[in-house]
2 protein chains.
Amino acid sequence: MARLSAAEAVFNVLRSEIESGKLGVGAKLSSEASLAQQYGVSRSVVREALRSCTALGLTVTKTGRGTFVVANHVAKDLVLGQYSARDLTEARPHIEVPAAGLAAERRSPEELDTMREIVAAMSGEDDPEVWVGLDSSFHAMIARASGNKVFENVVADIRDALAHQSETLNMVADRQHASDEEHRRILAAIEAGDAATARIAMSQHLHAVGIALDSILNA
Amino acid sequence: MARLSAAEAVFNVLRSEIESGKLGVGAKLSSEASLAQQYGVSRSVVREALRSCTALGLTVTKTGRGTFVVANHVAKDLVLGQYSARDLTEARPHIEVPAAGLAAERRSPEELDTMREIVAAMSGEDDPEVWVGLDSSFHAMIARASGNKVFENVVADIRDALAHQSETLNMVADRQHASDEEHRRILAAIEAGDAATARIAMSQHLHAVGIALDSILNA
DNA sequence: AAGGGTGAACCTGTCAGACAGCCGGACAGC
DNA sequence: GCTGTCCGGCTGTCTGACAGGTTCACCCTT
């Protein structure tokens, strides 16, 4: 590990105190002078550390008043609808298929229960908007059950994007019953701990969804 | 618009020069003293502005040497330490391999140029911290060249996670020369528009990196 | 002539001190 | 009660200084 400079050290302390929630949003930090004294460094060093926090969006500094916490964690600057339909169709198999395989191997009983509930609820659901929400939750749940936070996060991203694309709703009417059946097959494979079958079932499901999306977009 | 301080103004100028590509990845900025003179401010102000750039992951500063550009855009989504090493090793092939294939088919001449610059800069670089920054930019650039924003975003995520894991730095000494060679092979395939070879080369590269990481973690 | 060592020049990291301008609150006067 | 003024605290910026890391040309040795 590279020896860190005093400024980096102070920055790390400040960041961890802010992110740990010890300093709530809206709280005022001590003055630069007193922070300097507290950490045994000069004011210049404190100012550089505070600049780093500000650059990350954790704090804002007001002339004559002080520095205030404005966020507990580095903001996720997610632009809804930033993904095109092609982006999604193209990327999802590469992410959700292996995630389904891992989910079959690693899912906890609680996660399995949640998936069952979701699938059951979807079967009896005919409100498109509700159904889409459940569908998203199903995919997100599989990603979480994969035990891999990368998959979990990217699927959450995809879910948010889909939820805000009107094409999704248009698609539901045609695809709902077929999807329900595909979901049951995926769930069955994950219940059985059969990773290979889970991957195949997810792959087929996404393929069918992709075709349906294409046909709507090209209509 | 709030009147901005001199430090903010200098930061904005530096950031725009870096993000516009006027200062290529790997380039060295002028010294703090000459930047101060150039913008008509004191060195303290320049240092605060540089800290902001560093906090955003655009630059790294090395004692006695200078400040160097390591990325030309700000990652949207800083997720410090969110992913475990296993998460990353497991997920990366599923995302970066297809991304490399798409990049071979879709890369623009400009993107190709940037990749060449990064690879060239890496060859002559022996400072681990700078090299890691360039390596991250290379992977991020491939993801962007894939033309798929899902891949672009998730690789940016991974990049930030890796940049803040100390294991990454420990790994570099052993892997640097081998990685340079692997990067050249990936770049060559993307230059040639050969998607299959690009996928294979990226797959081998990630496999090697994964093994190196494992050996460090289990040591 | 090749090679190795050394020092000067340059760079960043940090410090102390200073002053102007902004802000909030206390306080006196109306 | 309202207002205007003043003061103490805070940030924004500057200056000058010194320590320690880095580079490279130059010189001495071999």
Side-chain angles (χ1 to χ4, degrees), chain A residues 1-15 18 23 26-70, chain B residues 1-15 18 23 26-70 121 123-134 169 172-173:
Chain A
M1 177 73 115
R3 212 174 58 248
L4 19 102
S5 65
E8 284 174 301
V10 172
F11 167 55
N12 284 335
V13 171
L14 290 176
R15 197 186 73 197
I18 292 170
L23 293 167
K28 178 178 176 301
L29 274 63
S30 307
S31 74
E32 296 174 352
S34 70
L35 286 174
Q37 188 179 10
Q38 182 176 335
Y39 295 121
V41 296
S42 74
R43 210 185 125 208
S44 333
V45 168
V46 169
R47 278 184 63 81
E48 289 182 23
L50 289 175
R51 276 286 171 201
S52 297
C53 290
T54 298
L56 293 181
L58 292 172
T59 58
V60 295
T61 297
K62 307 232 173 192
T63 302
R65 294 182 55 198
T67 301
F68 302 84
V69 176
V70 294
Chain B
M1 175 75 105
R3 213 173 58 247
L4 26 101
S5 65
E8 284 173 302
V10 172
F11 166 56
N12 284 335
V13 172
L14 290 176
R15 180 175 171 179
I18 291 170
L23 292 167
K28 178 179 175 302
L29 274 64
S30 306
S31 73
E32 296 173 353
S34 70
L35 285 175
Q37 189 178 9
Q38 183 177 335
Y39 295 120
V41 297
S42 73
R43 211 184 122 210
S44 336
V45 169
V46 170
R47 280 183 62 81
E48 289 181 23
L50 288 175
R51 278 285 171 201
S52 297
C53 291
T54 298
L56 294 181
L58 292 172
T59 59
V60 296
T61 297
K62 308 299 297 182
T63 302
R65 292 181 56 197
T67 301
F68 302 85
V69 177
V70 295
S123 298
E125 183 59 61
D126 56 356
D127 184 293
E129 223 162 321
V130 175
W131 191 88
V132 167
L134 294 172
L169 278 182
V172 167

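Since this is a predicted model, take the numbers as computed values, not measurements. The chains referred to below are lettered A, B, ... by the order of the sequence lines, with proteins before strands, and numbering in each begins at 1.
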**OP:** Establish, from distance only, whether the side-chain atoms of B/S5 and B/E8 form a donor-acceptor pair under 3.5 Å.
**Re:** yes
Original post:
Just wondering, are more than 12 heavy atoms of other shown residues or ligands nearer than 6.0 Å to CD in A/Q38?
Top reply: yes
Original post:
Take atom NZ in A/K28; do more than 12 heavy atoms of anything else shown fall under 6.0 Å from it?
Top reply: yes
Original post:
Between B/T59, B/V60, B/L29, which is the residue that forms a side chain to side chain contact (heavy atoms under 4.5 Å, CB included) with B/C53?
Top reply: B/T59
Original post:
Which residue lies toward the 5' end of DNA chain C, B/A33 or A/V41, if each is placed at its nearest nucleotide?
Top reply: B/A33
Subject >> Of B/T67 and A/G40, the one whose closest DNA chain C nucleotide lies more 5' >> reply: B/T67
Original post:
Quick one: which of D/dC14, C/dT14, C/dG13 gets closest to the side chain of B/V45?
Top reply: D/dC14
Subject >> Proximity to the side chain of A/T61 - top-ranked nucleotide from D/dG12, D/dT13, C/dT14 >> reply: D/dG12
Residue-phosphate contact under 4.0 Å: [X] side-chain N/O, [N] OP1/OP2:
{"X": "B/S42", "N": "D/dC14", "result": "yes"}
{"X": "A/R65", "N": "C/dG24", "result": "yes"}
{"X": "A/R47", "N": "D/dG12", "result": "yes"}

Original post:
Hey, does the side chain of A/T54 reach the backbone of A/L50 with a donor-acceptor pair shorter than 3.5 angstrom?
Top reply: yes
Rounded to whole Å, please give me the gap between [atom1] in [X] and [atom2] in [N].
{"X": "B/K28", "N": "D/dT22", "atom1": "NZ", "atom2": "C1'", "result": "11 Å"}
{"X": "A/Q37", "N": "C/dA16", "atom1": "CD", "atom2": "P", "result": "11 Å"}
{"X": "A/E32", "N": "C/dG17", "atom1": "CD", "atom2": "C1'", "result": "15 Å"}
{"X": "A/L29", "N": "D/dC10", "atom1": "CG", "atom2": "P", "result": "13 Å"}
{"X": "A/L35", "N": "C/dC15", "atom1": "CG", "atom2": "C1'", "result": "17 Å"}
{"X": "A/R51", "N": "D/dT11", "atom1": "CZ", "atom2": "C1'", "result": "10 Å"}
{"X": "A/K62", "N": "C/dG24", "atom1": "NZ", "atom2": "C1'", "result": "14 Å"}
{"X": "A/F11", "N": "C/dG13", "atom1": "CZ", "atom2": "C1'", "result": "17 Å"}

Original post:
For the base of C/dG17, is there a side-chain donor-acceptor partner from A/R43 under 3.5 Å away?
Top reply: no
**OP:** Using a 4.0 Å heavy-atom cut-off across all strands, classify B/S31 as base, sugar-phosphate, or nothing.
**Re:** sugar-phosphate
